[in-house]
Novice: 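Mind looking over this structure? Questions follow.
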Amino acid sequence: MLRARLLSLLLAPALLLIPTLSNAQEIQKPVTHDYEQGIALFDKGLYEEALVEFENFIEDYPDHELATSAKFYKARSLGKADSVNTESYYEEYIRSYPKETFSQKLLFELAQRSEENMQFDKAISFYQRSLDYGMRDKQAAEVNYWIAEDYVSMGNKQQARSRFLHLADRYPESSWASKALYARGRLYLSENKYDSSSVAFELLKERYPNDEITRRIGTALGESYYQQGEYEKAIEAFINAMPYLEGELKSKAVYLIAESHNYLRNFDEASKYYLQYINLEKGTMNERKAHYGLGWVYHKQEIYHWASDEFNKAVKGDDELARKALYYKAVNEKLGGRYPAAIESFRRFGELYETGLWVEEGYYEWAITAFELGQYGESIEVLLSLVRDDSELKWPGKVYTLLGESYFANKEYTRALQAFEAAENSADIDPAVKLQARFQKAWVQYRNQAYRQAQPTFEQVYNAAPNTKLGKEALFWSADAHYQMQQFGPASNHFAAFIRQYPDHELIGAAYYSLGWSYFQMGSFGKAISPLKEFLDNYEPPEIALFPYDTDTRLRLGDSYYAVGDYENAINTYQEAIGAEPGGDYAMFQIGNSYYRAENTYEAVTTFRRFLRIYPYSRLREQAQYNIAYIYLNSGNYTQAIEEFQTVINKYPNTSWAARSQYNIGDAYYNSGEYQEAIEAYKTVMEKYPRSDYIIEAVNGIQYAQLSAGKTDSSSAVLEDFLDDNPQTTTADRLRYRQAETLLQSGDYDSAIDELRQYIRITNNQQLLPEAQFSLANAYEQTGQIDQAMETYNLIVNSYPESERAAPSLASLGRLSYSQGQYQQSFDYFSRLGEQAQGYRLEAYIGMGNAQLAMGNIDEARSQFESALSVNGSFDPARVGLGKVALENGNYAEAMDRLNLVAESNTTEIGAEAQYLIGLAEQEQQQFNEALEAYSNVKVLYSAYDNWVSKSMLRSAECYIQMGNRGEARNTLNEIVRNYPGTEEAQKAQRLLDSGS
């Protein structure tokens, strides 16, 4: 199509003559009749007939001004009629009229014929001749473009790029210049020269920032940055290009945005774009890539059951992706504690793939899983299939080590020794082979991130030989395994023990560092200070360090001082990290925050200003400028605050800080009593930042300012005007929904119900409807309208079974049915939950277990609780459930063991229930003093959970009555009535008081 345009331009001189000829027909008809007849016949494709007319015209009027044109059409007619000799006819005309525009036209046609015959070098020659004869710049630019394209077709990409660049430099005003620069960048990209491609595309953006094709470079530029690992730049390029993309290009951009966020560990954004890609590629094989990426997102967040589900969706096919997906499906099932499912997946991997990519990895993990399940024979067979294969092993040491451990566990000691010898290149084996094998097993598990399995084995090695080199190291790795599982309490205990017992050990510095981090992660910042300072002052970082340990330690030490309010030491510590790279900017930023917290606002502002001078490109620069403004706002210097907030807006106009600053300008005016200016500032938020998170806050600000100024509240009208000016359905819908949500979150449940019902009536947003119905059901619950709540939850389950709120609605129905004594119905709801939502299996098992227990089906209840533990062996609600089963059976020792395990470590509501049940077990055994102590612990340790506190107090009163201490009983009952009015326990307490108990 583009080349057709060039033809039309080259023909322009002849065509412009046609109107003149037409107007002169009546006078000159006898002269031009043959010419015009020839043109008409030529246009109809009657070339031989046209040839006769042109020859007659030329013969009759050799000196006519159209004679040259007639000869041009004669040559074309001859060429069309006799395609074998087209080139000779055209060349004859060109030799006769080398400077005519018609000659350029013929050369261009010859170039096109050569291209059609794949004779690209010949086509280039014709194009070049047309250039040599001279033509206008616009036409010359286009010819240069097609010469470059022919070089591309010949595979001479270097010459093509050179020609494209020549075009852009020689004819910068031509529309072809931007196209040439774009094509040049794409050529670099096709050769995987990503650095050069991004430079090329940046040149295009620099020269032609507003050109349409520049807006379309997003995918190419984004891909260049992505391949270079510059993921933030890639995301920006793709998002800028998104409005101009469709079809395959849009899908590709969405996928690479998701991949980039994944690499950057922006998991929420990565998930959003993977899901968008899945919607775009629904039903195609491409969809698998996004499920695979989502699997990695969930894996990195340690949501292993979700990860395995996503990897499973990528398993279809017989390519590399399918292999890897099946492998990681099994790995994540294992990491999630789903060992039976994991080994089945590994077995399937073994059935499908016996050779090739990922086989060694898959078989190795299969063997580890079998070993950990105690299936040592299967582990041995899997490893032997690797050892006996002709392929060279990538991990011979790991394979033979695990084979040795498997033989050892299977009591095949001779073969175990042989395997260890192979693993250690025939080195001597320590006589304490059992201890060594156990340590090696734990270490292999640790290296494969199976921390839950590795930790107790390390601890066993330590306990068996605490004074040996192996035992000492085992204690350190036991502590570190706890740390990796985020069990920071046990980790800190083990690190502290290691430091205390082995002060000269080579890992002592790492132990101090890790101990400090453990305390820091627990929020025990005061305790973190000493070990971090010890590491910083007395120990060198590892020789090979992935990050600057000294800077990291100073920053965390400074953060610890900051957290405990010791701002002087925080400042001194941060100052030692200023200038470090990375981390120096954070240190100075925190110095500013420390001064502010210490109420030294002058130094705080000064520090933030110095920060902006020294680190103008820090990721904290926007917040630093914002903090300056905020300090003035909180100090009551509203004029200066407004000026500083305006600086944020001017310097960082496209950031969230700009919208926030504009909103705070409104607050500054409001606080200074300038209500009209405040109203205008809040309105500016809505006008300039319609997509910000401050729209509702701005409307509220307008409302407060109007009321404070004694004016009529028009905030609702302002919001409606805003919605009219920003009519995007999603925006309007979300704002209206947010209004209702705000009421719900503020505790105004009755108003929230009205707003939510109105929203549900008017909205067209099917995506938000389940969420709105769920919020409405929650509001009904909060106002005691249980029947309406259950009706709404049922509506969600039945009308929106695929929504994210379907499973929580089933869970709520099960819970509410249980609370109303409808135990069979509760069981049915939880049963449906377990069948329909994999992610809610644990909650379903617990709900079914409690329902069975309430119906007196003790064995069935035990089965449900045990099923929950088979999914997660440390799930506290399941432990409490089994404790309740033991109580029902009168097995108090078992009940106390299970309940104490939870009460000692769990600070949530399930811990409160466990503590309450401990008291109940003591009370049923007539051990009233112990029961009173247990009930008292509920009140002391779990005061936030009123229901369990009130239950425990009522039970305490019963104990006092049974002990004959009616005074204490009466005091306790009165306290229940006074502090927990309206509860079932308060009613029971009042009845006991009325009865004189």
Side-chain angles (χ1 to χ4, degrees), residues 489-490 493 846 849-850 852-854 856 858-859 861-862 865-866 868-869 873-980 983-993 995-997:
N493 292 336
I846 299 305
N850 285 330
Q852 292 283 22
L853 200 60
I858 308 302
D859 291 339
R862 178 189 291 108
F865 294 135
E866 288 175 346
L869 282 178
S874 60
F875 192 50
D876 283 345
R879 290 171 172 169
V880 171
L882 289 174
K884 290 190 284 190
V885 168
L887 274 178
E888 288 291 330
N889 288 328
N891 191 341
Y892 297 112
E894 179 188 348
M896 296 287 279
D897 287 343
R898 294 186 181 278
L899 296 170
N900 274 313
L901 190 64
V902 177
E904 290 172 0
S905 61
N906 194 303
T907 59
T908 67
E909 185 171 4
I910 196 65
E913 183 180 4
Q915 185 64 48
Y916 168 79
L917 291 171
I918 290 170
L920 187 61
E922 298 285 14
Q923 184 179 355
E924 289 184 2
Q925 296 177 79
Q926 305 293 306
Q927 298 174 14
F928 299 121
N929 287 324
E930 291 82 353
L932 286 169
E933 182 180 354
Y935 291 138
S936 175
N937 283 338
V938 176
K939 185 176 181 181
V940 173
L941 301 175
Y942 304 97
S943 57
Y945 304 107
D946 290 352
N947 56 330
W948 294 110
V949 173
S950 59
K951 287 177 185 292
S952 297
M953 292 179 68
L954 186 62
R955 290 288 185 179
S956 296
E958 291 177 358
C959 289
Y960 285 128
I961 292 170
Q962 290 172 298
M963 295 168 69
N965 191 343
R966 295 185 176 275
E968 283 296 333
R970 189 176 299 104
N971 290 338
T972 303
L973 293 171
N974 279 318
E975 186 178 351
I976 296 171
V977 172
R978 183 172 61 255
N979 293 337
Y980 304 97
T983 64
E984 183 180 350
E985 285 70 28
Q987 295 172 4
K988 291 180 179 179
Q990 188 61 58
R991 286 197 295 270
L992 286 172
L993 287 168
S995 68
S997 298

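Basis for what follows: all heavy atoms, side chains included, without hydrogens, waters or symmetry-related copies.
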Novice: Any non-hydrogen side-chain atom of Phe865 less than 4.5 Å from a side-chain atom of Asn850?
Specialist: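 Of all side-chain heavy-atom pairs linking Asn850 with Phe865, at least one is under 4.5 Å.
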Novice: Is there a side-chain contact between Ile846 and Val880, using heavy atoms and a 4.5 Å cut-off?
Specialist: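 No, too far: nothing below the 4.5 Å cut-off.
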Novice: Do the side chains of Arg898 and Val885 get nearer than 4.5 Å, heavy atoms only?
Specialist: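 Sidechains of Arg898 and Val885: no contact.
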Novice: Side-chain contact test, heavy atoms from C-beta onward, threshold under 4.5 Å: evaluate it for Tyr960 versus Leu932 and give yes or no.
Specialist: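 A side-chain contact exists here, since the closest heavy-atom pair is under 4.5 Å.
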Novice: Does CD belonging to Gln962 count more than 12 external heavy atoms closer than 6.0 Å?
Specialist: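 Yes, because the 6.0 Å sphere around CD of Gln962 holds more than 12 heavy atoms from other groups.
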Novice: For Lys884, is there an ion pair with Glu888 - N to carboxylate O distance below 4.0 angstrom?
Specialist: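 Not counted as a salt bridge, because no side-chain N and carboxylate O are separated by less than 4.0 Å.
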Novice: When you compare the side chain of Val949 with that of Met953, does any pair of heavy atoms fall below 4.5 Å?
Specialist: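 Met953 reaches Val949 side chain to side chain.
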Novice: What heavy-atom pair brings Val977 and Ala986 nearest, and what distance separates the two atoms?
Specialist: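 Heavy-atom minimum between the residues: CG2-O, 3.8 Å.
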Novice: Between Ile858 and Leu853, what is the shortest heavy-atom contact and its length?
Specialist: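 Where Ile858 meets Leu853 most closely, the heavy atoms are CD1-CD1, 3.8 Å.
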Novice: If you round to the nearest 0.5 Å, how far is CZ of Arg879 from CG of Asp897?
Specialist: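 These two atoms lie 12.0 Å from each other.
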Novice: Nearest 0.5 Å please: distance from the CG atom of Asn965 over to the CZ atom of Arg970.
Specialist: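 That separation rounds to 10.0 Å.
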Novice: Could you give the distance from OG (Ser995) to CG (Leu993), rounded to the nearest 0.5 Å?
Specialist: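 Atom-to-atom, Ser995:OG and Leu993:CG are 7.5 Å apart.
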Novice: Heavy atoms, side chains only, cut-off 4.5 Å: are Tyr945 and Thr908 in contact?
Specialist: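 Answer yes - side chains close enough.
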Novice: Measure across Gly883 and Ala895 and return the closest heavy-atom pair with its distance rounded to 0.1 Å.
Specialist: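 Closest approach of Gly883 to Ala895, heavy atoms only: O-CB, 3.6 Å.
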Novice: Atom CD of Glu904 and atom CG of Leu899: how far apart are they, to the nearest 0.5 Å?
Specialist: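 So the CD of Glu904 and the CG of Leu899 are separated by 11.0 Å.
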Novice: Evaluate the side-chain proximity of Glu909 to Asn947: yes if any heavy-atom separation is below 4.5 Å, no if none is.
Specialist: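 Yes, side chains in contact.
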Novice: Do you know the tightest heavy-atom contact between Ser956 and Tyr935?
Specialist: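 So the two residues come closest at OG-CB, 3.2 Å.
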Novice: Are Glu985 and Lys988 close enough for a salt bridge, meaning some N to O gap below 4.0 Å?
Specialist: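 No, no charged N to carboxylate O under 4.0 Å.
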Novice: Has Gln925 got a side-chain atom pairing as donor or acceptor with Ala921's backbone, closer than 3.5 angstrom?
Specialist: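 At least one qualifying donor-acceptor pair exists.
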Novice: In sequence, state the C-alpha distance, the side-chain angles, and the governing distance for Met896 and Glu922, and then conclude on side chain to side chain contact (heavy atoms under 4.5 Å, CB included).
Specialist: CA-CA 9 Å; Met896 296 287 279; Glu922 298 285 14; 3.1 Å; yes
Novice: State, to 0.1 Å, how close Ala957 and Ala969 come at their nearest heavy-atom pair, and which atoms those are.
Specialist: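 That would be O-CB, 3.7 Å.
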Novice: With rounding to the nearest 0.5 angstrom, report the CG to CD distance, Asn900 to Gln915.
Specialist: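 The CD atom of Gln915 is 7.5 Å from CG of Asn900, to the nearest 0.5 Å.
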Novice: Contact between Arg955 and Tyr916 at the side-chain level, heavy atoms closer than 4.5 Å - yes or no?
Specialist: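 Yes. Closest side-chain heavy atoms under 4.5 Å.
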Novice: State, to 0.1 Å, how close Tyr980 and Ser950 come at their nearest heavy-atom pair, and which atoms those are.
Specialist: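 Shortest heavy-atom contact: CG-CB, 4.0 Å.
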Novice: Can you measure from CD1 (Ile976) to CG (Asn979) and round to the nearest 0.5 angstrom?
Specialist: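 So the gap between those two atoms works out to 9.5 Å.
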